[in-house]
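We name chains A, B, ... by the order of the sequence lines, and we start the count at 1 in each one.
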There are 4 protein chains.
Amino acid sequence: MARSPMMRDRVSASILDAAATLLAEEGDSASMAQIAASAGVGRATLYRYFPTREALVRGLSSAAIDDLAGRIDAAALDQVPVREAVARTVRAFVTAGATWAALARIGREDWKDPVDLETRVVTPVRALLERGVADGTLRRDLPAQAVVTLFTGMLELGLRLVLEQGLGVEDASATTTALFLDGAAAQES
Amino acid sequence: MARSPMMRDRVSASILDAAATLLAEEGDSASMAQIAASAGVGRATLYRYFPTREALVRGLSSAAIDDLAGRIDAAALDQVPVREAVARTVRAFVTAGATWAALARIGREDWKDPVDLETRVVTPVRALLERGVADGTLRRDLPAQAVVTLFTGMLELGLRLVLEQGLGVEDASATTTALFLDGAAAQES
Amino acid sequence: MARSPMMRDRVSASILDAAATLLAEEGDSASMAQIAASAGVGRATLYRYFPTREALVRGLSSAAIDDLAGRIDAAALDQVPVREAVARTVRAFVTAGATWAALARIGREDWKDPVDLETRVVTPVRALLERGVADGTLRRDLPAQAVVTLFTGMLELGLRLVLEQGLGVEDASATTTALFLDGAAAQES
Amino acid sequence: MARSPMMRDRVSASILDAAATLLAEEGDSASMAQIAASAGVGRATLYRYFPTREALVRGLSSAAIDDLAGRIDAAALDQVPVREAVARTVRAFVTAGATWAALARIGREDWKDPVDLETRVVTPVRALLERGVADGTLRRDLPAQAVVTLFTGMLELGLRLVLEQGLGVEDASATTTALFLDGAAAQES
DNA sequence: CAGTAAGCGAGACGGTACGTCGGGTCTTACC
DNA sequence: GGTAAGACCCGACGTACCGTCTCGCTTACTG
């Protein structure tokens with residue numbers, strides 16, 4: 001059936017859109033019925049695409065991770081100096097995150113698809129940080145895994161600057177990048 | 001009734017304990033009935049103390065903030081050099097946070113009592129950072145509000161190092177402090 | 001709890017009443033929600049009393065059989081001549097049945113609680129017919145079990161005369177009794 | 001298309017067969033999908049032939065009534081004595097009914113096509129009973145309409161003897177006929 | 001020391017969301 | 001042009017949880 005794949009994607013997309021909007025607005029209290037209605041689709045159809053509320057959130061998360069992974073790929077992190085690559089990473093996350101604000105309103109563990117996120121986002125970031133350590137751009141006296149965690153966490157903080165404080169994407173990214181790279185302490189020239 | 005106040009506190013405490021444990025274990029899916037049972041208390045009594053699930057979470061949050069505020073007071077932030085005060089703040093939060101892991105599993109906006117947290121925790125932190133800027137310890141080229149947000153966010157990240165990666169409290173605090181103050185970039189000689 | 005048993009009965013009765021009315025009116029298409037609403041009770045409460053639609057119908061059936069068994073007991077079938085006892089049985093069934101018209105609109109096998117109906121209604125009827133055969137009032141050339149089945153079936157037919165044809169209870173009973181006892185053929189002088 | 005009419009009948013027949021079997025086995029809980037599958041036909045096709053579940057049941061009923069009407073016609077009721085004609089009617093119904101056991105498991109009002117049944121079955125029966133009254137074979141002291149209802153009802157009871165008690169068709173018919181004509185009371189010679 | 005008022009457990013209740021399922025309508029591809 | 005496949009909407013079903021309520025009991029203060 002030719003229409004199947006296309007239609008499936010269209011419907012799926014409109015459901016994800018509606019879900020993203022509603023969940024961002026009303027948080028976890030948005031009901032499946034509301035989401036279905038807001039997607040212009042029957043409740044049964046919603047369940048056909050995402051058999052569970054949790055599956056829907058995972059779908060949202062998958063889309064977000066796809067989006068983010070695309071931006072990170074496009075950033076060509078391994079072809080620019082480490083400091084620039086870090087800046088691009090922050091900018092990519094903050095920009096993407098603004099699109100998927102819904103996920104910021106939902107519990108942490110729920111949506112982090114452990115596989116996708118790890119392989120498609122964390123891995124390049126880890127590689128970037130390792131390259132930085134290797135070429136002497138980044139300090140080597142901090143535990144690597146902890147730095148990865150802190151950096152990915154700071155990506156969310158940069159997003160929070162935009163969502164909760166109304167900072168511009170560029171300002172938020174720049175500040176976050178600056179803090180991560182050089183810290184808050186005044187440089188003792 | 002003389003026993004009232006004491007009893008109220010005892011019961012309230014055991015409810016909060018049970019809630020903290022259960023919510024930390026099972027997240028948002030723990031039901032009020034489970035919490036009541038696990039506190040050795042009738043469901044009705046639970047509702048007498050916390051008329052709403054949200055009120056219960058707020059109670060948890062209040063206790064956590066009390067705890068944290070106590071530690072911050074005890075840290076005498078304004079009587080030690082800024083760098084040391086920052087380290088103490090991180091350590092205080094990470095230490096306290098481990099006790100209140102439950103709150104880390106629940107959505108952001110739910111539990112942040114906007115008043116208490118702001119006045120008792122954020123204010124001293126803001127003061128500390130302002131002092132740092134004023135005395136030249138901290139850089140002045142970053143937007144103050146954003147730095148406050150990033151720093152408080154990094155406190156949570158430090159906690160995450162402990163909860164999710166099994167890092168020790170001291171290591172997590174040290175790494176977080178180092179990253180916040182001096183950044184990840186290698187110092188240029 | 002003193003109120004429990006009484007209240008349970010009151011609520012249960014009002015649910016059964018509402019169910020009887022609605023099912024008699026609209027047949028199987030009446031929804032559980034409608035029944036609950038019409039009983040002045042929440043849907044959840046309805047399910048607390050009758051965990052399944054089928055259980056509700058069984059409850060209806062139980063009440064109907066109780067009712068009918070009471071009337072049959074009151075008829076003292078074994079203390080009057082067989083012909084009179086047959087007449088009383090028919091009258092009892094037709095009278096009771098009019099109260100439980102709902103069950104006439106629902107599938108046969110669903111509601112016939114095989115135990116209660118058999119022991120409390122069919123047994124006395126069988127005894128009555130056997131007595132009739134023994135004392136020479138009833139013919140002995142027909143298979144006993146078949147006669148029991150035909151008689152109990154004719155009870156339903158007598159009820160049908162009332163429900164579907166608007167015959168009076170007395171007329172319907174008399175005609176049914178007459179047909180069962182003496183048949184439709186003219187007595188040969 | 002020349003093959004249409006034939007095909008329509010073939011498909012229609014296989015659907016009716018499947019429906020009769022399934023409904024007889026599982027009662028009202030058989031789903032349209034099951035019936036379609038069991039007829040080796042797509043669900044959509046089933047709906048093309050019988051746009052509604054109710055229409056399908058009516059179709060079943062129509063076929064049953066056709067069958068029954070054929071047998072009644074063949075019985076030449078008006079050309080034999082009344083008692084014999086009654087016996088033939090009972091035998092016709094019981095024989096036909098065994099083929100359409102499905103309908104015995106479904107609610108009364110659903111399948112009785114008011115037109116067909118009335119004109120093709122009840123009318124001859126009524127005529128037969130009226131003839132009996134007119135020629136003195138049947139008693140005249142019972143309300144005619146009620147006797148018709150009771151007699152048609154007893155036809156179903158005779159069928160029930162076969163379906164539920166395993167009686168042979170001949171025995172069941174004979175007993176039912178005997179009971180209807182001469183009653184259960186011993187003849188007072 | 002007996003009476004009493006408060007807090008407690010137990011649990012029924014109305015309401016609402018969830019996930020499942022069947023009915024009936026429709027479109028698309030195949031033959 | 002009719003058939004099979006199957007997506008879609010609608011609404012009922014049965015389950016679970018929330019927050020409210022009313023009981024009857026215990027318990028610790030009070031006259």
Out of E:dC8, F:dT15, E:dC21, which has the shortest distance to the side chain of B:Tyr49?
E:dC8
As a test of reading the structure: which of F:dC8, E:dC13, F:dG14 is closest to the side chain of C:Thr52, going by heavy atoms?
F:dG14
Looking only at F:dC10, E:dG15, F:dA4, the nucleotide nearest the D:Val41 side chain is F:dA4
E:dG19 P sits how many Å from A:Glu54 CD, rounded?
10 Å
Taking atom C1' of F:dG14 as reference, at what distance in whole Å does atom CG of C:Leu56 sit?
14 Å
Identify which nucleotide among F:dC8, F:dT3, E:dT16 has an atom closest to any side-chain atom of D:Arg48, counting heavy atoms from C-beta outward.
F:dT3
Does a side-chain N or O from C:Thr45 land closer than 4.0 Å to OP1 or OP2 of E:dA12, or not?
no
Nearest heavy atoms of D:Phe50 and D:Ser12, plus distance in Å
CZ-OG, 3.9 Å
For D:Glu25 and D:Leu22, what are the C-alpha separation, side-chain angles and deciding distance, and is it a side chain to side chain contact (heavy atoms under 4.5 Å, CB included)?
CA-CA 5 Å; D:Glu25 279 171 8; D:Leu22 263 177; 4.3 Å; yes
Without decimals, in angstroms, what is the distance between A:Leu46 CG and E:dT20 P?
12 Å
Do A:Glu156 and A:Arg160 sit within salt-bridge range, that is, some charged N less than 4.0 Å from a carboxylate O?
no
Atom CZ of B:Arg10 and atom C1' of F:dA28 are separated, to the nearest Å, by 16 Å
5' precedence on DNA chain F between C:Pro51 and A:Gly40 (nearest-nucleotide basis):
A:Gly40
Using whole Å, report how far CZ of B:Arg53 lies from C1' of E:dA17.
14 Å
Selected nucleotide, minimal atom distance to C:Met32 side chain, candidates F:dG14, E:dG9, E:dG24
F:dG14
Want to settle it: does A:Gln34 or B:Gly42 sit nearer the 5' end of DNA chain E, counting the closest nucleotide to each?
B:Gly42
Output yes when A:Arg53 and A:Asp28 qualify as a salt bridge under the 4.0 Å nitrogen-oxygen rule, no when they do not.
yes
F:dC17, OP1 or OP2 - any side-chain N/O from B:Ser31 closer than 4.0 Å?
no
Quiz question: by atom type and distance under 3.5 Å, do the side chains of C:Thr45 and C:Arg48 form a donor-acceptor pair?
yes
I want to confirm an ordering. Mapping C:Tyr47 and B:Ser29 to their closest nucleotides on DNA chain F, which one lands closer to the 5' end?
C:Tyr47
Reckon D:Arg43 touches a base, only the sugar-phosphate, or nothing at all at heavy-atom distances under 4.0 Å?
base
Spacing of C:Ile15 atom CD1 relative to E:dC13 atom C1', expressed in whole Å
11 Å
Starting at CG of A:Asp28 and ending at P of E:dT16, how long is that distance when rounded to a whole Å?
19 Å
